[in-house]
Number of protein chains: 2
Amino acid sequence: MNMTPVTGDVRQRILNTGQVIIGGKGFSAVGLNEILKAAEVPKGSFYHYFSSKEAFGEALLEDYFTTYLAQTEERLTQPVASNAERLLGYWAHWRDTQHYCDPSGKCLAVKLAAEVSDLSERMRRVLQQGTERIIARLAQSIEAAVAEGSLPQSVNIQGSALELATTLYQLWLGASLRAKITRDRVPLDAAFKATYALLNLDPNRSLTQERTQ
Amino acid sequence: MNMTPVTGDVRQRILNTGQVIIGGKGFSAVGLNEILKAAEVPKGSFYHYFSSKEAFGEALLEDYFTTYLAQTEERLTQPVASNAERLLGYWAHWRDTQHYCDPSGKCLAVKLAAEVSDLSERMRRVLQQGTERIIARLAQSIEAAVAEGSLPQSVNIQGSALELATTLYQLWLGASLRAKITRDRVPLDAAFKATYALLNLDPNRSLTQERTQ
DNA sequence: TGCATCTATAGACGACTGGTCTAATCAGGC
DNA sequence: GCCTGATTAGACCAGTCGTCTATAGATGCA
């Protein structure tokens, strides 16, 4: 009766465990064996689903960005909130999840970008498309926020919404990178504050419900 | 006559070639063999100078930050310029050198932070101290710039100079990371523009001589 | 039901590279 | 010539990615 081939199941299990392990240790530092042992998948199966470690990494990133973009989409369209509130909620979530190491909740873009971009052209392209789409989605919400008045018109002075989204995304990328170094939330708190500034918002009036700590 | 032991020479040669190769391919992806072959140092010698690959990585980062900080110090104290001009010169230089891959001019902080922080506590600490000192040095120049009036007082509203320096450094870290992905200068140009905004400078009036392109 | 066909699993295996360490060599002082 | 310490050569084994053969399972058709 179950028409979906087992294919998807095993393949996805390899991807899921791979994401956790590689998200923790990086791409080159992890061997296939470790992933396959953890996923309880024999080595022989691996090369049935993926033609090489590089192809696997490509699929890993594709899978990651697909689900990440879906989650982001949901977060940026949730009801009973202005677009500005949703955006700040997005970054508040980023801050709260990335500040210290949840094994599975790691951002693969932060973890792998530097390592993999010079290693595999194919993986680099996936990273490029993924980050591009995230930024485009953020830009869309920024435009909507300005249009509806939840963000001040003055943000337009700096440049297009796409430029602003690019800057903000990169700001958070860098903050996450440094959070890996410092292992505390200071970098992400700084990014959150700077986000207010770049959006021309009053830093003292919190638009969204922030966790005090 | 030459009292300095050859030690320093060989050791430094391993560090220099290691920096170029690891700066290009990452830490885990590069084997000692490759570095030692390039440096024309026999494999057996390696463990005379370094107790392990990790210790080597630690020394590599220490060496890198030492010279980087010295260069930065020079750049931020050069005469016939205001502190604001020097700061913008620092970032203009960053933009111009990192936008596409000079084999040896790579920023090891960008390249290795994500990969190494979860891999080696000792290397992480070196990264932490190094970035902290860079940020502190930037903060010092920001304060001096405000004091002398080459940066507007209004930057103080956002927070301390250290906070601002933190934000700016992270912004550039993220921009460099994304530049690795996109392989163009768009991310760094966006960072440069955002730097003006975060410093409350008029983006159209260029304080420093920028290269048009 | 029986047989053929194709997908998926199983893991041994090869060729190679990884970091590490012991044993030998070398240089210079006495 | 011997002793001492710095330097090097290469063995070592665990682990790498990827291949390959053999089995197991499902599906199609008769």
Side-chain angles (χ1 to χ4, degrees), chain A residues 1-19 21-22 24-61 63 112 115-116 118-123, chain B residues 1-61 112 115-116 118-124:
Chain A
M1 274 303 116
N2 183 6
M3 298 303 281
T4 59
V6 191
T7 276
D9 184 34
V10 173
R11 199 185 118 101
Q12 195 60 44
R13 199 162 73 241
I14 301 176
L15 287 172
N16 291 344
T17 51
Q19 177 170 327
I21 296 177
I22 287 180
K25 300 196 190 178
F27 187 73
S28 299
V30 171
L32 265 10
N33 283 325
E34 184 179 352
I35 297 171
L36 296 172
K37 201 161 289 178
E40 290 176 291
V41 171
K43 188 160 200 182
S45 297
F46 178 85
Y47 283 90
H48 177 68
Y49 297 105
F50 307 100
S51 63
S52 67
K53 193 190 182 187
E54 184 187 8
F56 168 66
E58 220 182 323
L60 193 72
L61 286 171
D63 183 63
L112 297 184
E115 181 185 357
V116 145
D118 301 321
L119 200 70
S120 158
E121 179 66 13
R122 294 167 64 190
M123 291 178 76
Chain B
M1 276 302 117
N2 183 5
M3 298 303 282
T4 59
V6 192
T7 276
D9 184 36
V10 174
R11 197 187 119 102
Q12 195 60 45
R13 200 161 74 244
I14 301 177
L15 285 173
N16 290 344
T17 50
Q19 178 169 326
V20 175
I21 297 178
I22 286 181
K25 300 194 188 180
F27 187 73
S28 300
V30 171
L32 266 9
N33 282 324
E34 184 178 352
I35 297 171
L36 296 171
K37 201 162 289 177
E40 290 177 287
V41 170
K43 188 168 188 177
S45 298
F46 179 83
Y47 283 86
H48 176 67
Y49 298 103
F50 306 100
S51 64
S52 68
K53 193 190 183 189
E54 183 188 8
F56 168 65
E58 219 182 324
L60 193 73
L61 287 171
L112 297 184
E115 182 187 356
V116 144
D118 301 321
L119 201 68
S120 157
E121 178 67 13
R122 293 167 64 188
M123 292 178 75
R124 202 204 99 229

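Labels below follow one simple rule: chain letters A, B, ... track the order of the sequence lines, proteins then strands, and each chain is numbered from 1.
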J.: Between B/Glu34 and B/Lys25, does any side-chain N to carboxylate O distance fall below 4.0 Å?
T.: yes
J.: Report yes if the side chains of A/Leu36 and A/Pro42 come closer than 4.5 Å at any heavy-atom pair, otherwise no.
T.: no
J.: Is there side-chain contact between B/Tyr49 and B/Val41, with heavy atoms separated by less than 4.5 Å?
T.: no
J.: What string of B, S and - do you get for nucleotides 16-23 of chain D, 5' to 3', when a contact is any protein heavy atom under 4.0 Å?
T.: SBBB----
J.: What integer distance in Å separates B/Leu36:CG from D/dT7:P?
T.: 15 Å
J.: Looking at NZ of B/Lys53 and CD of B/Glu58, how far apart are the two atoms once the value is rounded to the nearest 0.5 Å?
T.: 14.5 Å
J.: Expressed as a whole number of angstroms, how long is the span from B/Tyr49:OH to C/dT20:P?
T.: 18 Å
J.: Do the side chains of A/Ile22 and A/Ile35 get nearer than 4.5 Å, heavy atoms only?
T.: yes
J.: Please find the pair of heavy atoms, one from B/Ala59 and one from B/Phe50, that lie closest to each other, and give the distance.
T.: CB-CE2, 3.8 Å
J.: D/dA9 P sits how many Å from B/Glu40 CD, rounded?
T.: 12 Å
J.: Once you round it to whole Å, what is the distance between C1' of C/dG18 and NZ of B/Lys25?
T.: 14 Å
